[in-house]
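Structure first, then comments.
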Amino acid sequence: MKKESERRIATIMFADISGFTAMSEKMDPEEVTMLMNECFNLMGSIIQRNEGRIDKYIGDCIMATFGVPTAIENAPQKSINTAIDIRNKLRQFNKEKKLNLDIHIGINTGTVLSGYVGANNKQEFTVMGDAVNIASRLEDASITGQIIVGTDTYKATKDSFEFNELKPVIVKGKQDPVPVFELLSTRVKTERRKISSDRMIHSEIVGRDNELNRLELQANKAINGEGSIVNVIGEAGIGKSRIIAELKARQIMQRVTLLEGRALSIGRNLSFYPIIDLLKQWACISEDSSNETQIMKLEAL
């Protein structure tokens, strides 16, 4: 039985390959089709690795979703990493095949309606809504080689990536122009940043007293020399990071040294990644630090 349609916060990416039309005029159709499929396979593997889902193919364009139908953490950042990796890998593909292809990408985050659409005898899962339309318009507005994002994607990733604000884009159906930002970063970021002050939730937490008290009890046991492991489990977006933030703000945490290391789904094949991240956070080692600086900071620590 198919699930009913539901509203979700998701990030939508439209990635359009440039150059196939010109290339098709000089090459055999079968050869063009084979190259297109190679490109789509390359893009699809990158999207899947970053926990995205290909929604549909539209000519030379792929529409992908992050955070729907299954919620994921850091969907905007994963979409940005996907876009960067696709652009870099496609340019590498160009060199290997001696082609002249490129890509331009539009990304937007917002509320979408997800569900199955179509006739009774044939329905397909897709997402619809204003956030999807804007992502498509951003892809239309981008030039070859460019990655541009909407406001919410920018706000969610501006602490991890470098952007340049562009002239707002006029979108059909919108009274006011839509703010857009060009991605300047060219490298994938595997490090998960702390939540910036403008994204913190300042309202009082409600209904989590029992969980917070249990966490505080474990912290007290650690102070008294009794170690333990605590699992905080829940779907993405349910408030796991918030409850940890509340624990960190409690008085008892001033009596301990708190070290944090992040495990990432895309870092599952990187040996000891959470431990490395923990040491880097503790020693205040930035991503751009040289090997000599990293060693010096670790020795000082």
Side-chain angles (χ1 to χ4, degrees), residues 5-22 36 39-40 43-44 46-47 50 52-69 72 74-88 90 101-115 117-118 124-158 160-186:
S5 298
E6 60 178 348
R7 294 185 181 276
R8 299 286 287 268
I9 300 294
T11 299
I12 312 300
M13 182 183 77
F14 283 85
D16 192 0
I17 302 174
S18 306
F20 267 123
T21 302
M36 281 189 68
C39 287
F40 285 147
M43 295 166 68
I46 295 171
I47 291 168
N50 285 283
R53 174 186 177 275
I54 296 175
D55 186 86
K56 62 173 68 75
Y57 297 92
I58 313 165
D60 300 341
C61 179
I62 285 183
M63 172 184 167
T65 62
F66 297 82
V68 65
I72 62 173
N74 299 321
Q77 176 164 330
K78 287 174 180 174
S79 72
I80 296 287
N81 276 336
T82 299
I84 291 173
D85 205 10
I86 284 176
R87 184 171 61 182
N88 292 343
L90 185 60
L101 301 176
D102 212 325
I103 198 158
H104 55 109
I105 298 173
I107 301 173
N108 189 51
T109 302
T111 302
V112 300
L113 183 66
S114 64
V117 297
E124 293 182 351
F125 184 90
T126 189
V127 295
M128 298 171 289
D130 192 49
V132 179
N133 296 335
I134 291 176
S136 178
R137 298 297 182 269
L138 294 180
E139 180 261 309
D140 290 339
S142 62
I143 61 175
T144 301
Q146 194 175 44
I147 300 170
I148 62 176
V149 308
T151 302
D152 288 345
T153 307
Y154 165 73
K155 287 181 178 178
T157 60
K158 64 186 178 72
S160 298
F161 301 96
E162 186 179 356
F163 293 91
N164 176 44
E165 186 171 3
L166 302 176
K167 183 180 178 180
V169 172
I170 297 175
V171 174
K172 185 178 179 180
K174 289 277 186 184
Q175 185 174 358
D176 299 322
V178 174
V180 295
F181 304 84
E182 179 184 8
L183 177 70
L184 301 180
S185 300
T186 58

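Please read these numbers as outputs of a predicted model, since none were measured by experiment.
For the residue pair Thr11 and Ser79, no side-chain donor N or O sits within less than 3.5 Å of a side-chain acceptor on the partner. No donor-acceptor contact under 3.5 angstrom links the side chains of Asp102 and Thr144, judged on distance only.
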Determine, step by step, whether Val112 and Arg7 satisfy the side chain to side chain contact (heavy atoms under 4.5 Å, CB included) criterion, reporting the C-alpha distance in whole Å, the side-chain angles of both residues, the deciding distance to 0.1 Å, and the verdict. CA-CA 6 Å; Val112 300; Arg7 294 185 181 276; over 6 Å; no
Using the salt bridge (charged side-chain N to carboxylate O under 4.0 Å, His left out) rule, take Arg8 and Glu6 through it: C-alpha gap first, then chi angles, then the decisive distance, then the call. CA-CA 6 Å; Arg8 299 286 287 268; Glu6 60 178 348; 2.9 Å; yes
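The local environment of CD1 in Ile58 is crowded, with over 12 non-hydrogen atoms from other residues, nucleotides or ligands closer than 6.0 Å.
Between the side chain of Ser185 and the main chain of Glu162, a donor-acceptor pair closer than 3.5 Å is present. Remark: side-chain polar atoms of Ser142 are paired, donor with acceptor, to backbone N or O of Glu139 under 3.5 angstrom.
Summarising the geometry of Ile84 relative to Ile147, their closest heavy-atom pair is N-CD1, 4.1 Å, with the distance given to 0.1 Å. Nearest heavy atoms, Val127 versus Asp55: N-OD1, 3.6 Å. The minimum heavy-atom distance linking Gln77 with Ser160 is given by the pair OE1-OG, 3.5 Å. Contact detail for Phe66 and Lys78: the closest heavy-atom pair is CE2-O, 4.1 Å. Contact record, Gly44 with Ile54: CA-CD1, 3.7 Å, taken as the closest heavy-atom pair. Counting all heavy atoms, side chain and backbone alike, Ile17 lies closest to Cys39 at CD1-CB, 3.8 Å.
Within the 4.5 Å cutoff, the side chain of Val68 has heavy atoms near those of the Ser114 side chain. Side-chain contact between Ile47 and Ile86 is present, with at least one heavy-atom pair separated by less than 4.5 Å. In this structure, Met63 and Tyr57 have side chains that are not in contact, with every pair of non-hydrogen atoms separated by 4.5 Å or more. In this structure the side chain of Val149 never reaches within 4.5 angstrom of the side chain of Val180, judged on heavy atoms. Contact annotation: the side chain of Asn108 never approaches that of Asp152 to less than 4.5 Å [non-hydrogen atoms, C-beta and beyond]. You'll find the side chain of Leu183 reaches within 4.5 Å of the side chain of Ile80, heavy atoms only. Ile148 places none of its side-chain heavy atoms less than 4.5 Å from the side chain of Ile105. Side-chain contact check for Phe163 versus Thr157: some heavy-atom pair is nearer than 4.5 Å.
Using cut-offs of 30° and 60° on the angle between ring planes, the pair Tyr154 and Phe181 is parallel.
Taken to the nearest 0.5 Å, the CZ atom of Phe40 stands 6.0 Å off from the CG atom of Asp60. Atom NE2 of residue His104 and atom CG of residue Asp16 lie 4.0 Å apart, to the nearest 0.5 angstrom. Atom CD1 of residue Ile12 and atom OG1 of residue Thr153 lie 9.5 Å apart, to the nearest 0.5 angstrom. To the nearest 0.5 angstrom, Thr82 atom OG1 is 11.0 Å from Ile62 atom CD1. Atom CG in Leu138 sits 13.0 Å away from atom CE in Met13 (nearest 0.5 Å).
The existence of a salt bridge linking Asp85 and Arg87 is excluded, since no basic side-chain nitrogen approaches an acidic carboxylate oxygen closer than 4.0 Å.
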